[in-house]
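Below is one structure, written out as C-alpha coordinates; comments come after it.
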Amino acid sequence: HRPQTRAPTPAHAEKIDAALIHVLSVKPEWEHLLAIPVEFRLLLDEQVSSTNPLLPQLIYLGERAFARRVVLHEVLVHELSHVWCGLLCEITDFQRCGGPVDLVLPSGTRGKNTRQVVFAATFAATVVSYYAAARGGASTSPHAARMAYCLSYLRKTLVTLEEEGTPNDM
(Lines give C-alpha, C1' and ligand atoms only; values in the text may rest on other atoms or scores of the structure.)
Protein backbone atom coordinates (compact mmCIF):
# COMPACT_ATOMS: atom_id res chain seq x y z
CA HIS A 1 0.00 0.00 0.00
CA ARG A 2 1.08 3.56 -0.54
CA PRO A 3 1.45 5.63 2.62
CA GLN A 4 0.27 9.22 2.75
CA THR A 5 3.06 11.42 1.43
CA ARG A 6 3.91 14.72 -0.15
CA ALA A 7 6.69 15.95 -2.38
CA PRO A 8 9.90 17.01 -0.64
CA THR A 9 10.23 20.70 0.04
CA PRO A 10 13.21 22.46 -1.56
CA ALA A 11 14.95 22.34 1.84
CA HIS A 12 14.38 18.59 2.12
CA ALA A 13 15.53 18.05 -1.47
CA GLU A 14 18.71 20.02 -0.74
CA LYS A 15 19.43 17.89 2.34
CA ILE A 16 18.83 14.67 0.37
CA ASP A 17 21.14 15.83 -2.44
CA ALA A 18 23.86 16.84 0.05
CA ALA A 19 23.55 13.51 1.85
CA LEU A 20 23.83 11.56 -1.41
CA ILE A 21 26.93 13.55 -2.35
CA HIS A 22 28.40 12.72 1.06
CA VAL A 23 27.59 9.01 0.68
CA LEU A 24 29.25 9.03 -2.74
CA SER A 25 32.35 10.72 -1.27
CA VAL A 26 32.57 7.92 1.31
CA LYS A 27 31.77 5.09 -1.11
CA PRO A 28 32.86 6.21 -4.61
CA GLU A 29 32.52 2.60 -5.82
CA TRP A 30 28.75 3.05 -5.41
CA GLU A 31 28.69 5.72 -8.14
CA HIS A 32 26.69 3.61 -10.59
CA LEU A 33 24.30 2.43 -7.88
CA LEU A 34 23.72 5.99 -6.72
CA ALA A 35 23.04 7.01 -10.31
CA ILE A 36 19.94 4.78 -10.45
CA PRO A 37 16.92 7.10 -10.55
CA VAL A 38 15.03 7.18 -7.27
CA GLU A 39 11.98 9.22 -6.33
CA PHE A 40 11.80 10.58 -2.80
CA ARG A 41 8.53 11.28 -0.98
CA LEU A 42 8.01 12.72 2.50
CA LEU A 43 5.96 10.58 4.85
CA LEU A 44 3.10 12.21 6.70
CA ASP A 45 3.25 9.72 9.60
CA GLU A 46 5.81 8.98 12.32
CA GLN A 47 7.90 6.45 10.38
CA VAL A 48 11.56 7.28 9.86
CA SER A 49 11.66 5.78 6.36
CA SER A 50 10.45 2.94 4.21
CA THR A 51 10.48 1.33 0.81
CA ASN A 52 8.22 -1.22 -0.82
CA PRO A 53 9.55 -3.78 -3.31
CA LEU A 54 6.24 -3.52 -5.17
CA LEU A 55 6.88 0.21 -5.69
CA PRO A 56 10.43 0.16 -7.07
CA GLN A 57 12.82 3.08 -6.96
CA LEU A 58 10.70 4.98 -4.46
CA ILE A 59 11.99 5.95 -1.02
CA TYR A 60 9.75 7.38 1.67
CA LEU A 61 11.41 9.62 4.27
CA GLY A 62 9.85 10.85 7.49
CA GLU A 63 10.76 14.03 9.32
CA ARG A 64 12.83 12.04 11.81
CA ALA A 65 15.16 11.01 8.97
CA PHE A 66 16.21 14.65 8.78
CA ALA A 67 16.95 15.00 12.52
CA ARG A 68 20.72 14.90 12.01
CA ARG A 69 22.94 14.48 8.97
CA VAL A 70 24.32 11.16 10.23
CA VAL A 71 20.78 9.83 10.57
CA LEU A 72 19.89 10.90 7.03
CA HIS A 73 23.08 9.32 5.68
CA GLU A 74 22.30 5.97 7.30
CA VAL A 75 18.62 6.09 6.36
CA LEU A 76 19.51 6.73 2.71
CA VAL A 77 22.09 3.93 2.66
CA HIS A 78 19.56 1.62 4.32
CA GLU A 79 16.70 2.41 1.95
CA LEU A 80 18.93 2.50 -1.15
CA SER A 81 20.05 -1.04 -0.31
CA HIS A 82 16.39 -2.05 -0.48
CA VAL A 83 16.01 -0.33 -3.86
CA TRP A 84 19.05 -2.17 -5.17
CA CYS A 85 17.72 -5.52 -3.89
CA GLY A 86 14.34 -4.72 -5.41
CA LEU A 87 15.98 -4.28 -8.79
CA LEU A 88 17.65 -7.67 -8.42
CA CYS A 89 14.26 -9.17 -7.58
CA GLU A 90 13.07 -7.96 -10.97
CA ILE A 91 15.51 -10.51 -12.42
CA THR A 92 15.02 -13.30 -9.91
CA ASP A 93 13.03 -13.19 -6.72
CA PHE A 94 14.64 -14.13 -3.41
CA GLN A 95 11.45 -15.81 -2.25
CA ARG A 96 10.89 -19.38 -3.33
CA CYS A 97 7.39 -20.53 -4.15
CA GLY A 98 6.06 -22.14 -1.01
CA GLY A 99 8.91 -20.67 1.03
CA PRO A 100 8.47 -19.73 4.66
CA VAL A 101 6.47 -16.69 5.69
CA ASP A 102 7.05 -17.03 9.42
CA LEU A 103 10.68 -15.95 9.77
CA VAL A 104 11.72 -13.51 12.49
CA LEU A 105 14.08 -10.59 11.95
CA PRO A 106 16.76 -9.90 14.58
CA SER A 107 14.68 -6.88 15.66
CA GLY A 108 11.92 -9.31 16.69
CA THR A 109 9.63 -8.47 13.77
CA ARG A 110 7.71 -11.64 12.94
CA GLY A 111 5.96 -12.96 9.86
CA LYS A 112 8.72 -12.27 7.35
CA ASN A 113 9.52 -14.22 4.21
CA THR A 114 12.92 -15.06 2.75
CA ARG A 115 12.95 -11.96 0.53
CA GLN A 116 12.40 -9.71 3.53
CA VAL A 117 15.21 -11.37 5.50
CA VAL A 118 17.57 -10.99 2.51
CA PHE A 119 16.61 -7.29 2.30
CA ALA A 120 17.33 -6.94 6.04
CA ALA A 121 20.71 -8.64 5.67
CA THR A 122 21.57 -6.38 2.75
CA PHE A 123 20.64 -3.26 4.70
CA ALA A 124 22.89 -4.30 7.56
CA ALA A 125 25.82 -5.22 5.29
CA THR A 126 25.49 -1.98 3.33
CA VAL A 127 25.38 0.18 6.45
CA VAL A 128 28.40 -1.64 7.94
CA SER A 129 30.30 -1.13 4.68
CA TYR A 130 29.38 2.55 4.61
CA TYR A 131 30.37 3.20 8.23
CA ALA A 132 33.62 1.22 7.84
CA ALA A 133 34.56 3.43 4.89
CA ALA A 134 33.37 6.61 6.61
CA ARG A 135 35.62 6.16 9.62
CA GLY A 136 38.10 3.55 8.52
CA GLY A 137 36.25 0.95 10.56
CA ALA A 138 38.04 2.04 13.72
CA SER A 139 36.55 0.77 16.96
CA THR A 140 36.88 4.32 18.29
CA SER A 141 34.70 5.70 15.51
CA PRO A 142 31.66 7.69 16.59
CA HIS A 143 29.73 5.08 14.61
CA ALA A 144 31.34 2.07 16.31
CA ALA A 145 28.24 1.18 18.35
CA ARG A 146 25.98 1.44 15.33
CA MET A 147 28.42 -0.63 13.24
CA ALA A 148 28.51 -3.29 15.96
CA TYR A 149 24.70 -3.39 16.10
CA CYS A 150 24.39 -3.71 12.31
CA LEU A 151 27.10 -6.36 12.17
CA SER A 152 25.31 -8.38 14.84
CA TYR A 153 22.02 -7.88 12.98
CA LEU A 154 23.67 -9.09 9.75
CA ARG A 155 25.04 -12.20 11.44
CA LYS A 156 21.63 -13.04 12.88
CA THR A 157 19.90 -12.61 9.51
CA LEU A 158 22.45 -14.91 7.90
CA VAL A 159 21.84 -17.53 10.59
CA THR A 160 18.10 -17.25 9.94
CA LEU A 161 18.67 -17.75 6.21
CA GLU A 162 21.06 -20.63 6.80
CA GLU A 163 18.59 -22.36 9.11
CA GLU A 164 15.87 -21.87 6.51
CA GLY A 165 18.15 -23.33 3.81
CA THR A 166 18.03 -20.34 1.46
CA PRO A 167 21.71 -19.62 0.72
CA ASN A 168 22.26 -23.02 -0.89
CA ASP A 169 18.89 -23.14 -2.60
CA MET A 170 18.83 -19.72 -4.29
Side-chain angles (χ1 to χ4, degrees), residues 1-45 47-96 99 105-107 109 112-137 143 146-147 149-151 153-154 157-158 161 166-167 170:
H1 97 294
R2 285 185 186 258
Q4 290 189 327
T5 66
R6 64 180 168 88
T9 66
H12 286 109
E14 188 175 304
K15 288 178 182 178
I16 292 167
D17 289 344
L20 291 171
I21 289 168
H22 173 77
V23 170
L24 179 59
S25 75
V26 171
K27 294 292 287 183
E29 62 270 28
W30 291 354
E31 179 179 9
H32 295 294
L33 293 170
L34 293 170
I36 295 169
V38 174
E39 178 184 356
F40 293 95
R41 299 287 300 171
L42 295 182
L43 290 163
L44 300 181
D45 61 20
Q47 284 184 286
V48 175
S49 65
S50 71
T51 52
N52 182 332
L54 301 177
L55 302 169
Q57 295 172 260
L58 179 58
I59 294 176
Y60 301 107
L61 299 172
E63 281 299 327
R64 294 186 319 174
F66 296 91
R68 296 186 353 254
R69 282 185 300 175
V70 68
V71 172
L72 184 57
H73 297 161
E74 181 178 323
V75 165
L76 288 174
V77 168
H78 176 146
E79 298 302 346
L80 284 165
S81 77
H82 292 328
V83 168
W84 303 334
C85 277
L87 292 172
L88 290 174
C89 285
E90 293 292 321
I91 299 167
T92 185
D93 199 355
F94 302 148
Q95 178 68 14
R96 293 174 299 163
L105 294 179
S107 61
T109 306
K112 298 298 180 182
N113 62 35
T114 303
R115 178 191 317 113
Q116 292 166 312
V117 177
V118 170
F119 274 52
T122 304
F123 125 72
T126 306
V127 169
V128 166
S129 176
Y130 167 76
Y131 278 142
R135 299 290 181 195
H143 308 299
R146 190 67 185 148
M147 281 180 60
Y149 169 82
C150 289
L151 192 55
Y153 191 98
L154 172 61
T157 58
L158 295 177
L161 291 169
T166 301
M170 283 179 58

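FYI, the numbering just counts along the sequence from 1.
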ask   = Heavy atoms, side chains only, cut-off 4.5 Å: are T122 and T157 in contact?
value = no
query = Should L20 and F40 count as side-chain neighbours, where that means a heavy-atom distance under 4.5 Å?
reply = yes
query = Closest heavy-atom contact between V38 and L80?
reply = CG2-CD2, 4.0 Å
ask   = So, are R64 and E74 salt-bridged, with charged N and O less than 4.0 Å apart?
value = no
query = What pair of heavy atoms forms the shortest contact from L58 to R2, and how long is it?
reply = CD2-NH1, 3.7 Å
task = Please report the C-alpha distance between V75 and F66 in whole Å, then the side-chain angles of each, then the deciding distance to 0.1 Å, and finally whether the side chain to side chain contact (heavy atoms under 4.5 Å, CB included) criterion is met.
result = CA-CA 9 Å; V75 165; F66 296 91; over 6 Å; no
inquiry  = Check whether Q57 reaches the backbone of P37 with its side chain - one donor and one acceptor, N or O, closer than 3.5 Å.
reply    = yes
message = Can a donor-acceptor pair be found, under 3.5 Å and without considering hydrogens, that links the side chain of E31 to the backbone of P28?
response = no
request  = Classify the ring geometry between F119 and H82 as parallel (under 30°), tilted (30 to 60°) or perpendicular (over 60°).
outcome  = parallel
message = Let me confirm one number: the CG-CD1 distance from L42 to I16, rounded to the nearest 0.5 Å.
response = 6.5 Å
message = For the OG1 atom of T51 and the CG atom of L61, what is their distance to the nearest 0.5 Å?
response = 10.5 Å
ask   = Would a 4.5 Å heavy-atom cut-off, applied to side chains only, mark T5 and L43 as touching?
value = yes
ask   = So how far is it from I59 CD1 to E39 CD, rounded to the nearest 0.5 Å?
value = 10.5 Å
remark   = All heavy atoms of K27 vs all of S129, minimum pair found to be NZ-OG, 2.7 Å
task = Output the distance between atom OG1 (T126) and atom CG (L76), rounded to the nearest 0.5 Å.
result = 13.0 Å
ask   = Are any of the side-chain heavy atoms of W84 and L34 separated by less than 4.5 Å?
value = yes
query = Should the pair H22 and Y130 be assigned to parallel (<30°), tilted (30 to 60°) or perpendicular (>60°) ring geometry?
reply = perpendicular
inquiry  = If I compare all heavy atoms of H78 with all of S81, which pair ends up nearest, and what's the gap?
reply    = O-OG, 2.6 Å
ask   = Does a side-chain heavy-atom distance below 4.5 Å link Y60 with P3?
value = yes
note = Minimal heavy-atom distance between P8 and A13, with the atoms involved, is CB-N, 4.2 Å
Separation of E29 CD from L24 CG (nearest 0.5 Å) = 9.5 Å
Stepwise side chain to side chain contact (heavy atoms under 4.5 Å, CB included) test for Y153 and V127 = CA-CA 11 Å; Y153 191 98; V127 169; over 6 Å; no
key: Nearest non-hydrogen partners of V128 and M147, listed with the distance   = CG2-O, 3.8 Å
request  = Evaluate the side-chain proximity of F94 to L88: yes if any heavy-atom separation is below 4.5 Å, no if none is.
outcome  = yes
task = Would you check if L44 and R6 make a side-chain contact, meaning some heavy-atom pair closer than 4.5 Å?
result = yes
